[in-house]
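Below: the structure, in structure tokens.
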There are 2 protein chains.
Amino acid sequence: MRHIISAMVENKFGVLARIAGLFSARGFNIDSLAVGETEDPTVSRMTIVVRGDDKTLEQVKKQLNKLIDVISVRDYAKKEFVDRELLLLRVEAEEGQKSKLAGVLEKNHAKVLVAGGNAFTAEFAGDHEHVQKLLEELKPYVIKEMTRTGRIAMAKE
Amino acid sequence: MRHIISAMVENKFGVLARIAGLFSARGFNIDSLAVGETEDPTVSRMTIVVRGDDKTLEQVKKQLNKLIDVISVRDYAKKEFVDRELLLLRVEAEEGQKSKLAGVLEKNHAKVLVAGGNAFTAEFAGDHEHVQKLLEELKPYVIKEMTRTGRIAMAKE
């Protein structure tokens, strides 16, 4: 079961290492992690996508809540939320396939930042499903480089 | 001096905790961190924005390179790169200011996901400068909630 855990933490030295240690000690593999500032400069928000059984995850959440620098923990597994991820990628087409590749990027609303030769450097933001769809459609082409932010989420309320 | 460090690491259990520990042991504060998959499923890319003096950072980079699960380390401080960050935010206007707020979002190409009452839930992707500009223009309004991915970067080549 995949969970999106969102933790508000004090923007302090060492908090990240402590939290990462807590997950890894329990044998959770982190699919993605994003740590960024929030509306309050003293507070960071960590969004962690993990896979693991529900019972162990429940224990991890309890332990997170006990850490003095953790302000609140939210589990988006069963809640209504919007999720987004950002990708930067450089993708190349074979000779004669460039305009077809441009079409795939355009159809998916990826934004071309640099175009040169048969390659495009592009930016793409979307939910998990849309990211998977884009990567599926890019399979006939060569992804030379890709960097992803990891998912962030926000409750629909 | 602010640096964007990009490290390709083995997508393995515990690597994140080890790297976060390395930065925190040296007294670096991490502004943002993004960990996501790459074009190779066995490899993750960590993008870390840190502040610190150049000499100490040089040592951290050396130590990173020595870790067995670290494949490569890149410092974007002096290189040509594109950087992007993604934000999800819920922002509210006072009575009668709603259309003005909608205008700020539209002008900055933020994408409205949910509109209800005087509030908007929106998605925004841009480089560091543009993110700062948007947040500056949103100052007259109330940011109820915000979550950020942290910056990712890719060399322009």
Side-chain angles (χ1 to χ4, degrees), chain A residues 6 11-25 27-40 44-47 82-91 111 113-114 116 121 123-126 135 142-157, chain B residues 6 11-25 27-40 44-48 82-91 111 113-114 116 121 123-126 142-157:
Chain A
S6 169
N11 190 2
K12 263 188 216 162
F13 185 77
V15 177
L16 173 65
R18 222 164 309 145
I19 292 178
L22 206 152
F23 276 93
S24 77
F28 278 98
N29 223 332
I30 295 179
D31 270 11
S32 78
L33 170 75
V35 187
E37 297 164 69
T38 64
E39 60 281 13
D40 174 351
S44 296
R45 191 206 286 243
M46 298 179 66
T47 311
V82 285
D83 71 296
R84 286 291 182 279
E85 184 172 7
L86 181 74
L87 278 68
L88 285 174
L89 45 90
R90 179 157 39 251
V91 59
K111 195 171 155 189
L113 306 173
V114 185
T121 300
E123 164 197 339
F124 174 77
L135 295 179
V142 186
I143 294 179
K144 306 290 273 184
E145 200 179 350
M146 175 167 72
T147 173
R148 301 171 63 159
T149 57
R151 285 156 86 186
I152 55 172
M154 189 174 274
K156 281 186 196 166
E157 51 185 9
Chain B
S6 169
N11 190 3
K12 264 190 216 161
F13 185 77
V15 177
L16 174 65
R18 223 165 308 146
I19 292 179
L22 205 153
F23 276 94
S24 77
F28 279 97
N29 225 331
I30 293 179
D31 270 11
S32 78
L33 171 75
V35 187
E37 296 165 68
T38 63
E39 60 281 12
D40 174 352
S44 296
R45 191 205 289 244
M46 300 180 65
T47 312
I48 308 158
V82 285
D83 71 297
R84 285 293 182 278
E85 184 172 9
L86 180 73
L87 277 68
L88 284 174
L89 45 89
R90 181 158 36 251
V91 60
K111 195 170 154 190
L113 305 173
V114 186
T121 301
E123 164 198 338
F124 174 77
V142 186
I143 294 178
K144 306 290 273 186
E145 200 179 348
M146 175 166 72
T147 173
R148 301 171 63 159
T149 57
R151 286 156 85 186
I152 54 171
M154 189 175 274
K156 281 186 195 166
E157 50 187 8

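Chain letters run A, B, ... following the sequence lines, proteins first and then strands; every chain starts at 1.
Shortest non-hydrogen contact noted between B:Ala125 and A:Leu86 is CB-CD1, 4.0 Å. Listed here is the closest heavy atom pair of A:Gly150 and B:Thr149: O-CG2, 4.1 Å.
Of the inter-residue distances, the one linking B:Leu16 atom CG with A:Leu16 atom CG reads 6.0 Å to the nearest 0.5 angstrom. Note that CG of B:Leu33 is 5.0 Å distant from CG of A:Leu33, once rounded to the nearest 0.5 Å. The distance from the CG atom of B:Leu87 to the CD1 atom of A:Ile152 is 6.5 Å, given to the nearest 0.5 Å.
Considering only residues two or more places apart in sequence or on other chains, B:Glu39 meets the salt bridge (charged side-chain N to carboxylate O under 4.0 Å, His left out) condition with none of them. In this structure, the salt bridge (charged side-chain N to carboxylate O under 4.0 Å, His left out) partners of B:Asp31, at least two apart in sequence or on a different chain, are B:Arg2, B:Arg51.
The shortest distance between side-chain heavy atoms of A:Glu85 and B:Glu37 does not fall below 4.5 Å. Side chains of B:Met154 and A:Glu145 form a contact here, defined as non-hydrogen atoms less than 4.5 Å apart.
The contact between B:Glu123 and chain A is made entirely by side chain atoms (from C-beta outward), counting heavy-atom distances below 4.5 Å. The contact between A:Leu113 and chain B is made entirely by side chain atoms (from C-beta outward), counting heavy-atom distances below 4.5 Å. Of the atoms belonging to A:Thr147, heavy atoms from both backbone and side chain fall under 4.5 Å from chain B.
Without hydrogens or angle criteria, A:Arg90 side chain to B:Ala155 main chain gives a donor-acceptor distance under 3.5 Å.
Ranking A:Ser6, A:Ala34, A:Gly36 against chain B, the residue ahead of the rest is A:Ala34, based on heavy-atom pairs under 4.5 Å. In terms of heavy-atom pairs under 4.5 angstrom with chain B, the leader among A:Thr47, A:Leu89, A:Thr121 is A:Leu89.
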